[in-house]
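Just so we're on the same page: letters track the sequence lines, and every chain starts at 1.
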Protein chains: 2
Amino acid sequence: MALDGGELGRSAYVGARVSPQRAAIARAADAMTSAFSVDDLLEAVRRQVPGVGAATVYRAVSAMEASGFVESLGVREGSAIYARCHSGEHHHHLVCTGCGAVSDAECPVAPERYTASDGFRVTGHSLVLYGQCAKCQSAPSSISPHGRGGGI
Amino acid sequence: MALDGGELGRSAYVGARVSPQRAAIARAADAMTSAFSVDDLLEAVRRQVPGVGAATVYRAVSAMEASGFVESLGVREGSAIYARCHSGEHHHHLVCTGCGAVSDAECPVAPERYTASDGFRVTGHSLVLYGQCAKCQSAPSSISPHGRGGGI
DNA sequence: ATCTGTGCAAAATCTTTGCATTAGC
DNA sequence: GCTAATGCAAAGATTTTGCACAGAT
């Protein structure tokens, strides 16, 4: 991944203008190794660019989602959570319920498998896999330290 | 799945008490052929039992979800949507993006398929399939393409 | 010069929660 | 009678939206 340099903003997801804020937001999203909420992102971004507004991050996340730079994983504790997509290919995400770590997974869905069913034609799907990462399996299931990227 | 008689409340999802409200809510949920929001449910229930409070429906839906009577499909337009589960078996849902109709689908996910990946152990997943039902394919579909975020 | 992106704050929603009351079991 | 379930209303929280302004193209 390592979108080095400062070119993340320009190459990652494109807004018409590449503002310092959006660049920082993209960089922060890219640095996330776990599933994150808009608030997590806002907090991370503000460490780099103080004063960024929440609305800006919401708007940027919408843009990033629309362009496939991040994917929505659903809702956790009332707020939407996202994961950075490291591949342009169609794929899914494995999310650790212990620490929130996210990794890519290939897609097991074959649309043809369902096409017959009632004449229903499958055109898309949404899948998120949950489980425990190696680290969390060996760890003595202590409750995830409440902090960023905490358990899902 | 015609839960005959008026015994839906008692057999379907169990609260400690079977109130008229919960029975009506269960019946209404069972009658839903499409994905529904809490508000849809509330509206339907009130036609049978006027005066039911929104909080009651929210509480009942939580109970129904916990017992597997309904499943959350995600969020559409800001509110959570659900579908009635007609099988106790593990399964998923096909949701028509045209009319919201829901039907059951078998699960394509083999946890073993992922277990190797980084030592990650898959323990669960969430999948919703989107597409168009036979009816909507022939109809001159007017609205809603397909959106992210569990959109219908 | 134009028009996207920003920030602040108010607004709009959806959900949850507190509390007194009602009513299953 | 014990206690879950209800209803109403207020509280909470997350997102969205309006507006005037700054900055990139």
Side-chain angles (χ1 to χ4, degrees), chain A residues 6-10 12-29 35-43 45-46 48-67 69-70 72-82, chain B residues 6-29 35-43 45-46 48-67 69-70 72-82 147-151:
Chain A
E7 288 305 297
L8 184 54
R10 179 162 276 101
Y13 76 98
V14 207
R17 306 287 162 76
V18 182
S19 67
Q21 289 90 338
R22 290 218 167 182
I25 293 169
R27 242 180 290 121
F36 58 89
S37 65
V38 169
D39 210 58
D40 294 332
L41 202 50
L42 177 59
E43 197 179 300
V45 170
R46 280 186 171 155
Q48 304 297 320
V49 184
V52 172
T56 297
V57 176
Y58 274 101
R59 285 182 279 229
V61 168
S62 294
M64 292 194 289
E65 188 181 4
S67 69
F69 187 66
V70 300
S72 166
L73 297 184
V75 174
R76 174 187 68 184
E77 289 166 20
S79 41
I81 56 172
Y82 302 83
Chain B
E7 290 306 296
L8 184 54
R10 179 163 274 99
S11 58
Y13 78 98
V14 208
R17 307 287 162 76
V18 181
S19 65
Q21 290 89 336
R22 289 218 169 183
I25 292 168
R27 244 180 289 120
F36 58 90
S37 65
V38 169
D39 210 60
D40 294 333
L41 202 50
L42 178 59
E43 196 179 300
V45 170
R46 279 189 170 154
Q48 305 296 317
V49 184
V52 172
T56 297
V57 176
Y58 274 101
R59 284 183 280 230
V61 167
S62 294
M64 293 194 288
E65 189 180 6
S67 69
F69 187 66
V70 300
S72 166
L73 298 185
V75 174
R76 176 187 63 185
E77 288 168 21
S79 42
I81 57 172
Y82 302 85
R148 182 64 278 309

Quick check on [N]: is either OP1 or OP2 less than 4.0 Å from any side-chain nitrogen or oxygen of [X]?
X       : N      : value
B:Gln21 : D:dG7  : yes
B:Thr56 : D:dG7  : yes
A:Arg59 : D:dT15 : no

Between [N] atom [atom2] and [X] atom [atom1], what is the distance in whole Å?
X       : N      : atom1 : atom2 : answer
A:Tyr82 : D:dT15 : OH    : P     : 6 Å
A:Arg22 : C:dC3  : CZ    : C1'   : 13 Å
B:Glu77 : C:dA12 : CD    : P     : 18 Å
A:Gln48 : C:dT6  : CD    : C1'   : 18 Å
B:Leu41 : C:dC14 : CG    : C1'   : 15 Å
B:Arg17 : C:dT22 : CZ    : P     : 16 Å
A:Leu42 : D:dT15 : CG    : P     : 12 Å
A:Glu43 : D:dT14 : CD    : C1'   : 16 Å

From C-beta outward on [X], which listed nucleotide comes closest to its side chain: [options]?
X       : options               : result
B:Ser79 : C:dC14, C:dC25, C:dT6 : C:dC14
B:Tyr58 : C:dT16, C:dT6, D:dT6  : C:dT16
B:Pro20 : C:dG24, C:dG5, C:dC8  : C:dG24

Q) Using a cut-off of 4.0 Å on non-hydrogen atoms, how would the nucleic acid contact of A:Ala80 be classed: base, sugar-phosphate, or nothing? A) sugar-phosphate
Q: Looking at every strand, decide which applies to B:Ala54 at a 4.0 Å heavy-atom threshold: base, sugar-phosphate, or nothing.
A: nothing
Grab the two heavy atoms, one from [X] and one from [Y], that are nearest each other, plus how far apart they are.
X       : Y       : answer
B:Val61 : B:Tyr82 : CG1-CZ, 3.5 Å
A:Val45 : A:Ala24 : CG2-O, 4.1 Å
A:Arg22 : A:Ala63 : NH1-CB, 3.7 Å
A:Ala29 : A:Val70 : CB-CG1, 4.4 Å
B:Arg46 : B:Ala54 : NH2-N, 4.1 Å

Q | Any B:Tyr58 side-chain heavy atom under 4.5 Å of B:Leu42 side chain | A | no
Q | Global bending angle along the helix from C:dA1-D:dT25 to C:dC25-D:dG1, which compares the axes of five pairs at either end, to 10 degrees | A | 40°
Q: For B:Thr56, check side chain to side chain contact (heavy atoms under 4.5 Å, CB included) against everything at least two apart and list the hits.
A: B:Gln21, B:Ile25, B:Val52, B:Arg59
**Q.** Nearest-nucleotide 5' precedence on DNA chain C, B:Asp39 against A:Pro50
**A.** A:Pro50
